[in-house]
Q: 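Okay, handing you the structure first.
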Amino acid sequence: MRGDLGWSQAVLADKLGVSRQSVIAIETGKYDPSLPLAFRIAEVFERPIEAIFETDETARG
Amino acid sequence: MTNAQANRRYYAVLIPGTIVFLALCVGVKLADESGMFPDAALYVLGLIPAALLIGAFWAQWRYIHEIDEFLRSIHVKAAFVGLAIAMTVATGWGFLEFYAEVPEFSIFWLNPLYWIAYSIGVVIFSRWYATE
């Protein structure tokens, strides 16, 4: 999703006001963001939150 | 507040504080060895580094609140590792001193042990969680 917009991890981190490490950890699934950060991510991508994040159940299909 | 600002505020306290702490550790030892100071003065001198340590932990507390949530999770985990190692060594070595007559280990060293373990923990967790 980030790649589709041509944003680097640093650009996304800057838009979110977090570190680049945070973006890496979220993208690799090693860190689950808090609800406020998840909503901020949805705002930045201008998408509903459920279009960006999936629960364990939806991930399993 | 950005992470960069939080870093600057943290190191602005921690670096000079560490230098003064180390200078005081050496100074108090030299004062003790010189025999020029009464015991009461040495007690007071000996407590000054401890007061500086409170400042270091206050800076760490403030830093953990100011950085972003992911970095906070890294630092909290690393602080727990540092605490766990320091307490385990204190208890384990304490028992060995009680029953196995191992050489005495001053509890003074638990503080540097905590900071070393905490720092290593930050490096390891950062690499683990923030590597693609």
Side-chain angles (χ1 to χ4, degrees), chain A, chain B residues 1-18 55-86 113-132:
Chain A
M1 192 177 294
R2 172 179 60 77
D4 295 342
L5 294 168
W7 295 346
S8 66
Q9 289 169 333
V11 166
L12 177 57
D14 193 45
K15 287 177 184 291
L16 294 170
V18 299
S19 59
R20 185 170 159 268
Q21 295 104 300
S22 303
V23 172
I24 294 170
I26 293 167
E27 284 186 347
T28 54
K30 290 177 180 169
Y31 177 73
D32 292 325
S34 67
L35 204 51
L37 180 55
F39 274 111
R40 210 152 70 235
I41 292 169
E43 274 176 29
V44 165
F45 284 113
E46 297 178 343
R47 303 277 289 274
I49 198 164
E50 62 271 20
I52 297 171
F53 296 99
E54 49 189 20
T55 63
D56 289 344
E57 281 184 16
T58 56
R60 276 197 296 269
Chain B
M1 171 164 304
T2 65
N3 290 315
Q5 287 171 321
N7 282 336
R8 275 198 297 277
R9 277 159 60 91
Y10 181 53
Y11 290 119
V13 174
L14 202 67
I15 292 172
T18 302
F57 281 113
W58 166 78
Q60 190 186 20
W61 176 265
R62 186 180 68 175
Y63 179 65
I64 285 173
H65 279 80
E66 290 176 347
I67 51 182
D68 71 50
E69 62 178 59
F70 168 70
L71 295 179
R72 185 178 309 120
S73 75
I74 294 288
H75 283 267
V76 168
K77 285 172 184 156
F80 180 81
V81 167
L83 181 68
I85 289 176
L113 180 63
Y114 165 80
W115 288 101
I116 290 167
Y118 165 68
S119 304
I120 293 172
V122 168
V123 172
I124 291 172
F125 287 131
S126 296
R127 283 174 183 268
W128 169 252
Y129 286 104
T131 304
E132 293 177 83

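First the proteins, then the strands, lettered A, B, ... as listed; each starts at 1. Bear in mind the structure is a predicted one, so any value in this text is a computation, not a measurement.
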Q: Can you tell me if B:Phe57 has over 12 outside heavy atoms packed within less than 6.0 Å of its CZ?
A: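 Enclosed.
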
Q: Under a 3.5 Å distance rule, please check whether A:Lys30 uses its side chain to pair with a backbone N or O of B:Trp128 as donor and acceptor.
A: yes

Q: For chain B, find its close neighbours in residues 11-20 of chain A: heavy-atom separation under 4.5 Å, sorted by number, or none.
A: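 Answer by number: A:Val18, A:Ser19, A:Arg20.
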
Q: Looking at B:Asn7, I'd like to know if its CG atom is crowded, meaning that more than 12 non-hydrogen atoms belonging to other residues, nucleotides or ligands lie closer than 6.0 Å.
A: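 Buried by this count: over 12 neighbours within 6.0 Å.
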
Q: Looking at A:Glu50, I'd like to know if its CD atom is crowded, meaning that more than 12 non-hydrogen atoms belonging to other residues, nucleotides or ligands lie closer than 6.0 Å.
A: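 Atom CD in A:Glu50 is crowded, with more than 12 foreign heavy atoms closer than 6.0 Å.
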
Q: Suppose a student defines contact as a heavy atom less than 4.5 Å from any heavy atom of chain A. Which residues in residues 63-73 of chain B would they list?
A: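 Heavy-atom contacts from residues 63-73 of chain B to chain A are B:Asp68, B:Glu69, B:Phe70, B:Leu71, B:Ser73.
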
Q: Could you tell me which residues satisfy salt bridge (charged side-chain N to carboxylate O under 4.0 Å, His left out) with A:Glu27, sequence neighbours excluded, listed by chain and number?
A: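 Expected list: A:Arg2.
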
Q: Please list, in residue-number order, every residue in residues 115-126 of chain B that has a heavy atom less than 4.5 Å from any heavy atom of chain A; write 'none' if there are none.
A: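 Residues of residues 115-126 of chain B touching chain A at under 4.5 Å: none.
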
Q: Report which part of A:Pro36 has an atom under 4.5 Å of a heavy atom belonging to chain B: side chain, backbone, both, or neither.
A: neither

